[in-house]
Amino acid sequence: MVGKADVVIVGGGVMGCALAYNLAKEGLKPVVIERSDIGGEESGANGGGVRQSARNLKEMPLAMESVRLFAQLHEELGMDVEYVRKGNLRLCSTPEDMVNMRKSVENQKAVGLQLELLDRKQVLEINPYVGDGVIGATFCPTDGHANPLLVSYAFFKKAKSLGARFYTQEEVKDIVLKKGRVAAVVTDKQRIETDLVVNAAGMAGRKIANMAGLDFPVKAVFTEALITEALPPLFPQMLGQARGLFYGRQTLHGSFFMGGFVGTEEFIYRDGKPLFNFIGPAISRLVIEYLPVLKDLHVVRTWSGIIDQTSDSIPVLGLTPEVPGFVFCTGFSGHGFGLAPVIGRLMCELIMDCRVSLPINDFCYSRFGKGADHVCACKGNAACTTATALCPNKREWLKNI
Amino acid sequence: MKPNFIFAQDVKAVLRDGTKKITIPQNSRISAAALDLIKENGVELTYAGSLNDQSDMAVAAPLVEQASGVSAENIGDAGPEVADEPMPEEMVEEIARRVIARFRELKGAPAVASPLAGQKLEDEDDLVICRCEEITRKEIKEAIRNGMKTLNGIKRVTRAGMGLCQGQTCQRLVTQLLAGELGMAPAQIKQMTPRAPVRPVALSVLAAG
Ligand SMILES: Cc1cc2nc3c(=O)[nH]c(=O)nc-3n(C[C@H](O)[C@H](O)[C@H](O)COP(=O)(O)OP(=O)(O)OC[C@H]3O[C@@H](n4cnc5c(N)ncnc54)[C@H](O)[C@@H]3O)c2cc1C
């Protein structure tokens with residue numbers, strides 16, 4: 001039983017764990033409530049891609065900083081998370097792919113990303129195993145991958161050792177508001193008095209927002225992935241396909257992770273859980289086409305994952321004046337893993353100082369109230385909240401610490 | 001010489017008749033399930049042959065396997081889980097090889113008779129629980145003590161159950177460990193989420209599906 005907490009984080013995925021670590025490092029004693037296991041949902045199902053290329057341009061500054069932070073994780077968390085920074089190839093097989101990628105390369109270079117468009121010969125120099133159909137690719141040398149299972153676990157372990165408290169197999173059922181602001185979190189096992197609750201619940205983020213009377217547009221997108229038996233190292237890059245048909249990597253363990261998507265998601269899941277697996281064959285066909293050397297490898301396991309896709313495919317981050325004390329950290333739309341270290345840090349800065357070192361205003365909750373492509377006016381997300389939401393809380397904590 | 005096999009049923013027999021002693025003839029192979037029973041129940045082993053004998057297959061031990069890419073235990077684990085029914089000979093041989101090698105490693109140069117008498121499972125932290133991925137009892141216990149309270153959780157952070165056999169062999173053992181650590185009955189522990197394709201299948205085969 002906790003009784004009272006500085007801050008309660010709903011969700012022990014990679015985001016919840018990364019934030020708990022950052023807060024614990026600052027001396028707070030965050031409480032994390034996780035209804036299944038640490039990294040038991042999306043964070044335990046993903047491809048491990050740590051990439052900047054092919055991101056929404058709004059996310060680029062965050063992604064670049066995250067790549068820098070990934071390199072320090074091993075030392076910082078005291079655990080090898082199998083981070084490999086050997087680039088990302090986004091493979092093209094049609095002239096249209098090349099045209100689209102050329103445009104995308106220009107846009108991304110304009111915001112400072114190191115990225116080039118390669119022809120087939122150049123691709124083969126980097127990865128000699130690609131199939132005959134590959135006519136070119138984009139290459140970002142500073143992209144890479146890490147082991148997602150270990151990243152959540154490493155954040156969790158370090159956070160715990162610094163005083164964060166984790167409660168697994170426990171579900172948040174309600175958020176209690178008093179005079180319009182967060183007052184307590186109720187789980188199936190206890191009630192915790194707190195000024196601050198962080199919604200890091202992944203796909204369940206909407207449900208958690210609803211508990212505080214908030215809502216945002218997010219839908220579940222069904223994805224599937226497979227893993228093969230191990231081979232000696234073939235190639236170290238993260239791979240993707242220009243149209244996003246599949247993506248994958250060889251893990252340090254030697255096995256190949258390959259993931260893919262379909263568009264019929266509405267029909268194949270219920271209550272947030274897929275009814276059956278069936279993308280495996282489609283992924284396999286693509287893998288064989290793009291990486292024919294792998295065709296006789298055995299697939300040892302397939303699984304599915306649900307992506308929390310917001311209406312504009314970027315996350316919801318930060319505070320809202322509508323419910324002081326409620327912090328968004330959700331809606332990562334299928335590419336959150338690579339951002340986790342920077343998100344953990346920024347959310348911590350926001351909570352501790354009402355000020356973030358990289359702007360997150362593009363991700364504020366109020367964007368949904370203003371129509372699709374609005375430019376958010378809130379300054380760093382703090383302006384909408386500093387006065388009302390945080391500072392009183394902060395004074396309260398300073399008394400406690 | 002054809003090896004002599006010791007299966008779980010043989011161990012159960014000596015448990016039933018209360019002698020708790022088993023004589024292992026020369027050139028014997030012990031199945032994984034039998035070994036578990038032996039350890040759990042402190043069955044006393046007597047070797048009829050000598051483990052110091054260089055011709056004993058135990059000495060050949062596991063190193064050879066690694067060169068061949070697919071390790072021999074992997075082949076063993078992909079086989080049927082029910083060790084009470086005789087498995088194909090080669091599989092049992094490979095498992096036994098590893099088991100005997102482990103005994104020796106743990107015990108140093110073994111005595112001719114009863115090197116393991118009265119040995120408690122608790123001491124066997126180096127025991128390999130998941131053979132496909134070579135995950136030891138210690139690693140699993142560590143994960144549990146770090147807060148992994150489900151088989152899925154343990155699997156994610158240790159890889160136990162992620163290998164070629166997908167936990168067909170180790171699931172029972174991990175369940176026992178977890179139950180022991182949490183003070184629950186093994187039956188109360190939720191099973192690992194089964195993942196298709198259950199038995200490894202080539203990409204080219206799956207692609208045709
Ligand atoms: C197949 C697949 C491949 C992917 N590949 C990549 C990739 O290569 N690169 C990349 O950057 N991203 C990738 N992603 C996306 C990435 O995995 C996610 O963006 C990221 O893991 C999100 O983390 P999270 O902590 O927000 O969510 P989650 O990991 O889902 O964590 C949320 C947690 O909240 C818990 N929870 C929910 N409701 C409650 C409640 N009421 N009470 C208590 N706990 C609750 C859940 O159990 C869950 O553990 C992929 C996703 C999938 C599915």
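Side chains included, hydrogens not; waters and symmetry mates left out as well; all remaining heavy atoms used. Chain identifiers are assigned alphabetically (A, B, ...) following the order of the sequence lines, protein sequences preceding nucleic acid strands; residue numbering begins at 1 within each chain.
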Open item on the list: One thing to verify: whether D37(A) and K149(B) come together as a salt bridge, which I'm taking to mean a side-chain N less than 4.0 angstrom from a carboxylate O.
Closed with: no
TODO: Please determine, among G44(A), G40(A), S36(A), the option with the most heavy-atom pairs under 4.5 Å with chain B.
DONE: G40(A)
Open item on the list: Using the side-chain hydrogen bond (donor to acceptor under 3.5 Å, both in side chains) criterion, which residues pair with T175(B)? Sequence neighbours excluded.
Closed with: none
TODO: Sort F166(A) into side chain, backbone, both or neither according to what part of it lies under 4.5 angstrom from a heavy atom of chain B.
DONE: neither
Task: M148(B), part contacting chain A, at a heavy-atom distance under 4.5 Å - done: side chain
Task: Which atom of M162(B) lies closest to which atom of R301(A), heavy atoms considered - done: O-NH1, 3.0 Å
TODO: Give the member of K160(A), H253(A), Q169(A), M258(A) that has the highest number of heavy-atom pairs under 4.5 Å with chain B.
DONE: H253(A)
Task: Spatial distance of atom CG (L206(B)) from atom OG1 (T228(A)) [nearest 0.5 Å] - done: 12.0 Å
Task: Which atoms of I38(A) approach chain B - backbone, side chain, both or neither, heavy atom under 4.5 Å - done: both
Task: L164(B) to E229(A) - nearest heavy-atom pair and separation - done: CD2-CB, 3.8 Å
- [ ] Please indicate whether K138(B) has more than 12 foreign heavy atoms, meaning atoms of other residues, nucleotides or ligands, lying under 6.0 Å from its NZ.
- [x] no
Open item on the list: Given heavy-atom pairs under 4.5 angstrom as the criterion, report whether the side chain, backbone, both or neither of L294(A) touches chain B.
Closed with: both
- [ ] Drop me the distance from R156(B)'s CZ to N147(A)'s CG, to the nearest 0.5 angstrom.
- [x] 12.0 Å
Open item on the list: Nearest 0.5 angstrom please: L203(B) CG to L291(A) CG, how far?
Closed with: 9.5 Å
TODO: Heavy atoms only: give me the nearest I288(A)-A207(B) pair and the separation to one decimal.
DONE: CD1-CB, 3.7 Å
TODO: Measure across V300(A) and P200(B) and return the closest heavy-atom pair with its distance rounded to 0.1 Å.
DONE: CG1-CG, 4.0 Å
- [ ] Please look at V299(A) and chain B and tell me whether the side chain, the backbone, both or neither of the residue comes under 4.5 angstrom of a heavy atom of that chain.
- [x] both
TODO: Tell me, for K190(B) versus chain A, whether the close heavy atoms (under 4.5 Å) come from the side chain, the backbone, both or neither.
DONE: neither
Task: Heavy-atom side-chain proximity of N146(B) to Y153(A) below 4.5 angstrom - done: yes
Open item on the list: When you measure from the side chain of S204(B) to the backbone of K295(A), do you find a donor-acceptor pair of N or O atoms at a distance under 3.5 Å?
Closed with: yes
